[in-house]
Amino acid sequence: MTELVVKELTKKFGDNLVVNNISFTVPSEKFVTILGPSGCGKTTVLRCIVGVEKPDEGKMNLGDKILFSKNDNMLIPTEKREMGMVYQSYALWPHLTVFENVAYPLQIRKVDKNEIKKKVLDILKLVKLDGLEERLVPNLSGGQQQRVSLARALVYNPSLLLLDEPLSNLDVVLRDEMRTELKDLQRRLKLTTIYVTHDRTEALSLSDYIIIMDKGVIKASGTPIELLRNPPNSYAGIILGDMSLIRGKIKENNEESTTVSVGNDVINCRKESKWEENEEVGILIRGTEVIIHNNKRPVQNVIPAKIKSATYAGQIVEYKVIVNEQVIKVPKSIEEFIIPEEGSNTTIHSLHESGEEVFIEIPESACHLVKE
Ligand SMILES: Nc1ncnc2c1ncn2[C@@H]1O[C@H](COP(=O)(O)OP(=O)(O)OP(=O)(O)O)[C@@H](O)[C@H]1O
Ligand SMILES: [Mg+2]
């Protein structure tokens, strides 16, 4: 049982409140990701957990062991915390070989020499670095250095693995490969893991649970699916789901529907009784479900809009569309350029250009209302 419980963790640097009273649990054997933008306090949280930074307030337990408790004046030193950490910049020793780097945590724990050799060689095999034991670290590729760092974190069977943006220095192809390997390793070894990233794709593809941070606080947490389906606020919808936010006012909330005024237009949203008439709300919009039409259509939720820009990214063109002076991102597969128009035999090549006036259809299922 290696569940990590963090309660009311606070860390200041001078007057700068970097981690502001956050609480979360990492269940045993689960993969939990902390997602947030640069400077929001992710590394500081990890450094408090691993024990290289002393929190100002709070309490942390790993299983039944207290790591830190402000009230009980307890602080367990790093080397007694049974954690392995891959630092953001790998923090390997350039003058040491691969073997020596990985052996280091065992040496400081005074493990027997033969035992060290066996453990290091085993773990290097696991991360596919066998044969490179004697190589100096600067003579390795970025991906290999990343693996050395991972091997060093894993070599003494940590109860908790902490990974601080471990893939951000790798090229796209290697990053994809390492992501799969990491997840595979975590599952096989049943490691309780905290992974820090600012990349939504990494968070979504790796995690059992995601914690979304901003400016030292937790804005949302849950499983990837929960957070994608029901983001509790606009911050979560935008950072994780790449949704767009437009502002409006509840027009009607009756037995049948919840409607929102956006300028002179009205959008029907999924019925939710909690909203009051005239209440200001945000509509989070899942752009993948939005349809761009050349002409007004006699269906619900079709409103005038203007193409702001069209940017190509691989097989996708991402439109930015202006609605009532607000921007909605609408990604389209290039396959969708050719759409047979209803009631006609002709085919419309609907590739849109910036400045073009269009109509967009925002299906009810693409809308999710939030207060803030
Ligand atoms: N030792 C320190 N002394 C003073 N300020 C610090 C220290 N360490 C971090 N900070 C500040 O705390 C804030 C949070 O830093 P932190 O490294 O935790 O962010 P982060 O979310 O990991 O960012 P990134 O994604 O860029 O790595 C930043 O404003 C940073 O400048
Ligand atoms: Mg960081």
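Quantities reported herein were computed from a predicted structural model and do not represent experimental measurements. Counting starts at 1 for both ligands and their atoms, in listed order.
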Counting from 1, what ligand 1 atoms have a heavy atom of [X] closer than 4.0 Å?
X: T43; result: 17 (O), 18 (O), 20 (P), 22 (O), 27 (O)
X: V18; result: 12 (O), 13 (C), 14 (C)
X: E165; result: 25 (O)
X: S38; result: 23 (O), 24 (P), 25 (O), 26 (O)

If Ile, Leu, Val, Met, Phe, Trp and Tyr residues are connected whenever their side-chain heavy atoms lie under 4.5 Å apart, and connections chain through other members, are I362 and L228 in the same group?
no

Metal check, the Mg ion (ligand 2) vs T44 N/O/S, cut-off below 2.8 Å
no

Kindly confirm whether the Mg ion (ligand 2) is within less than 2.8 Å of some N/O/S atom in Q88?
yes

Could you tell me whether [X] and [Y] have a side-chain N and a carboxylate O separated by less than 4.0 Å?
X: E289; Y: R286; answer: yes
X: D176; Y: R179; answer: yes
X: R187; Y: E29; answer: no

Can you see whether Y104 has R152 sitting over its ring - NZ or CZ less than 6.0 Å from the centre and within 45° of the normal?
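Judged by the rule, R152 and Y104 form no cation-pi pair.
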
Tell me the contacting part of M213 for ligand 1: side chain, backbone, both, or neither, using a 4.0 Å heavy-atom threshold, strictly below.
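Contact part for M213 vs ligand 1: neither.
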
Please work out whether any backbone atom (N, CA, C, O) or any side-chain heavy atom from C-beta onward of H198 is under 4.0 Å from ligand 1, and answer side chain, backbone, both or neither.
neither

